[in-house]
Asks: 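Please see the structure below; I have some questions.
Because the structure is a prediction, the values reported are computed rather than measured. This chain uses plain numbering: 1 for the first residue, then up along the sequence.
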Amino acid sequence: MDCFCDIIACLDVLGSFVTVAGMIFVTGGNQERLTAQELKTIQWIQCFCGPEFYKYVTIMTSKWDKISEDDFEEAWESMLGMLKENSSVAEILNHPTSSNTDSNQYQGGHVYHHGIVMDEGHPSVPLHRLTVRKHERERADMATTMIKNRYKEAPGMKLQVTREMDNNIPWYNTEAAKVLKHNPNDIKLDFRHGILKVFVRSEC
C-alpha cells in the first residue's frame with residue numbers, strides 16, 4: 001500500500017505535466033506459475049488501469065537466458081500456458097472476455113519476451129535467445145524499440161484510478177486500493193458502469 005501511495009503522490013504532482021503512456025509488468029520466464037504477490041499485482045494493474053487502458057499494458061517475460069537449453073522448451077510451454085490460462089492475465093491480454101457489452105469495445109494488451117528473437121509470422125514461436133553476456137546491447141535495443149513503437153503516442157483516455165479520484169473517491173478507497181487489502185484468491189473483479197470493481201467472493 002505504501003508503494004501505491006507513492007504512485008498516487010507522483011500522479012498528483014506530475015499529472016498536469018506528464019501523461020501516463022502505459023504500463024509494463026515484468027515476470028520471470030523461468031517459473032511455472034505466478035506467485036500470490038504477482039497475481040495481486042496483476043489484479044491491481046487491472047483496477048489501476050481499467051479495461052479501457054488494457055491496450056497500453058505490456059506483460060514482459062524475462063530471465064530466459066538463465067534457463068538451460070534442455071529446460072527451455074518446457075519452460076517456454078509453461079509460460080505460454082500460464083499467459084492463456086490465468087484468468088487475470090487473459091483478461092488483460094485477450095480482452096474482451098466478458099459478456100458485459102459495456103466492456104466489449106476495449107482492446108487487449110501485449111506480451112513481450114525480453115531477450116527472445118521471435119518468428120514474426122508466428123508470435124508464439126521463439127527463434128533463438130540472446131544472452132546478457134554476449135548480446136546485452138542487442139537486447140537493450142530490442143526493448144527500446146518495443147517501448148518506442150508501443151508508447152510513442154499519448155493514450156486518449158485516463159487511467160481508471162484517475163477517473164475514480166476525479167469523482168472525489170479518495171485513493172485509499174479506489175478499486176485498486178481494495179485489491180491490495182485482500183488475498184488475490186478471495187476477490188472477483190467485475191466490470192460495471194464503466195469501472196472494474198472488486199467484490200469479495202464471500203460477499204458475492
Side-chain angles (χ1 to χ4, degrees), residues 3-4 7 10-11 14 18-31 33-35 37-67 75-98 103 105-127 129-130 132 135-162 175-176 179 184 189 191 196:
C3 290
F4 184 30
I7 292 171
C10 288
L11 290 176
L14 302 176
V18 175
T19 298
V20 177
M23 181 174 294
I24 299 175
F25 172 72
V26 182
T27 182
N30 57 351
Q31 60 190 57
R33 61 184 61 87
L34 294 173
T35 66
Q37 185 57 52
E38 285 178 315
L39 179 56
K40 176 177 286 191
T41 301
I42 288 176
Q43 292 174 337
W44 176 84
I45 289 172
Q46 288 181 267
C47 290
F48 182 83
C49 295
E52 189 176 6
F53 206 85
Y54 284 170
K55 64 180 178 179
Y56 300 107
V57 175
T58 298
I59 295 179
M60 178 188 290
T61 68
S62 65
K63 298 183 179 180
W64 291 109
D65 57 330
K66 303 296 184 183
I67 303 173
W76 181 260
E77 293 300 324
S78 294
M79 173 60 71
L80 293 183
M82 183 190 72
L83 293 175
K84 293 177 181 179
E85 295 168 10
N86 182 278
S87 59
S88 293
V89 174
E91 178 74 11
I92 293 174
L93 297 179
N94 303 318
H95 197 78
T97 60
S98 170
S103 66
Q105 59 184 305
Y106 305 132
Q107 300 176 22
H110 306 271
V111 176
Y112 176 77
H113 303 291
H114 187 46
I116 300 288
V117 178
M118 303 296 296
D119 184 338
E120 293 186 4
H122 302 85
S124 296
V125 178
L127 296 179
R129 293 183 287 171
L130 303 176
V132 173
H135 303 281
E136 181 177 5
R137 170 49 60 186
E138 188 174 355
R139 287 163 55 100
D141 288 345
M142 288 173 60
T144 299
T145 298
M146 179 275 290
I147 292 171
K148 287 181 177 179
N149 289 340
R150 291 188 183 167
Y151 301 112
K152 60 185 176 182
E153 297 180 359
M157 71 285 295
K158 292 182 178 181
L159 295 162
Q160 175 174 303
V161 71
T162 302
E175 300 304 313
V179 167
L189 306 182
F191 189 78
L196 192 65

Asks: Using 0.5 Å steps for rounding, measure from the CG atom of L34 to the CG atom of L83.
Replies: 8.0 Å
Asks: Out of curiosity, T41 OG1 to Q46 CD, how far, rounded to the nearest 0.5 Å?
Replies: 11.5 Å
Asks: Might you work through the side chain to side chain contact (heavy atoms under 4.5 Å, CB included) test for I92 and F25, ending with a clear yes or no?
Replies: CA-CA 11 Å; I92 293 174; F25 172 72; over 6 Å; no
Asks: Kindly compute the distance separating NZ (K84) from CG (L93), expressed to the nearest 0.5 Å.
Replies: 11.5 Å
Asks: Quick one: OG1 on T19 to CD on E153, what's the gap to the nearest 0.5 Å?
Replies: 12.5 Å
Asks: Strictly distance-based, threshold 3.5 Å: is any side-chain N or O of W76 a donor or acceptor partner for the main-chain N or O of S124?
Replies: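 Between the backbone of S124 and the side chain of W76 there is a qualifying donor-acceptor contact (under 3.5 Å).
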Asks: For the side-chain contact (heavy atoms from CB on, under 4.5 Å) test, which of V89, T27, V179 pairs with I42?
Replies: V89
Asks: Identify, with sequence neighbours excluded, every residue that meets ring pair (Phe, Tyr, Trp, His ring centres under 6.0 Å) alongside F4.
Replies: W44, W171
Asks: In Å and rounded to the nearest 0.5 Å, what is the CD to CD1 distance from E38 to I59?
Replies: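 So the CD of E38 and the CD1 of I59 are separated by 10.5 Å.
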Asks: Take L39 and N86, measure what side chain to side chain contact (heavy atoms under 4.5 Å, CB included) needs, and give me the verdict at the end.
Replies: CA-CA 9 Å; L39 179 56; N86 182 278; 3.9 Å; yes
Asks: Looking at residues at least two apart in the chain, or sitting in another chain, which of them share a side chain to side chain donor-acceptor pair (under 3.5 Å) with T58?
Replies: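 Expected list: R150, Y151.
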Asks: I'd like to check the side-chain contact (heavy atoms from CB on, under 4.5 Å) partners of E138; sequence neighbours left out, ordered by chain and number.
Replies: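 Once residues adjacent in sequence are excluded, the partners of E138 under the side-chain contact (heavy atoms from CB on, under 4.5 Å) criterion are L130, H135, M142.
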Asks: Could you go step by step and tell me if R139 and D65 meet the side chain to side chain contact (heavy atoms under 4.5 Å, CB included) rule?
Replies: CA-CA 11 Å; R139 287 163 55 100; D65 57 330; 4.0 Å; yes
Asks: Does any non-hydrogen side-chain atom of F53 lie less than 4.5 Å from one of P155?
Replies: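 Side chain of P155 against side chain of F53, heavy atoms only: contact under 4.5 Å found.
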Asks: Cut-off 3.5 Å, no hydrogens considered: what does the side-chain donor-acceptor table look like for residues 109-118, sequence neighbours left out?
Replies:
from	atom 1	to	atom 2	distance (Å)
H110	NE2	K55	O	3.4
Y112	OH	A143	N	3.3
H113	ND1	T61	OG1	2.6

Asks: Between E91 and Y54, is a side chain to side chain contact (heavy atoms under 4.5 Å, CB included) present by the stated rule, with each step listed?
Replies: CA-CA 9 Å; E91 178 74 11; Y54 284 170; 4.0 Å; yes
Asks: Residues in side-chain contact (heavy atoms from CB on, under 4.5 Å) with N149, at least two apart?
Replies: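 side-chain contact (heavy atoms from CB on, under 4.5 Å) check on N149 returns T145.
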Asks: Out of curiosity, E52 CD to L196 CG, how far, rounded to the nearest 0.5 Å?
Replies: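 Spacing of CD (E52) from CG (L196) equals 12.5 Å.
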Asks: Apply side chain to side chain donor-acceptor pair (under 3.5 Å) to Q43 and list each qualifying residue two or more places apart in sequence or on a separate chain.
Replies: none
Asks: Would a 4.5 Å heavy-atom cut-off, applied to side chains only, mark P51 and Q160 as touching?
Replies: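 Heavy-atom side-chain distance check passes, below 4.5 Å.
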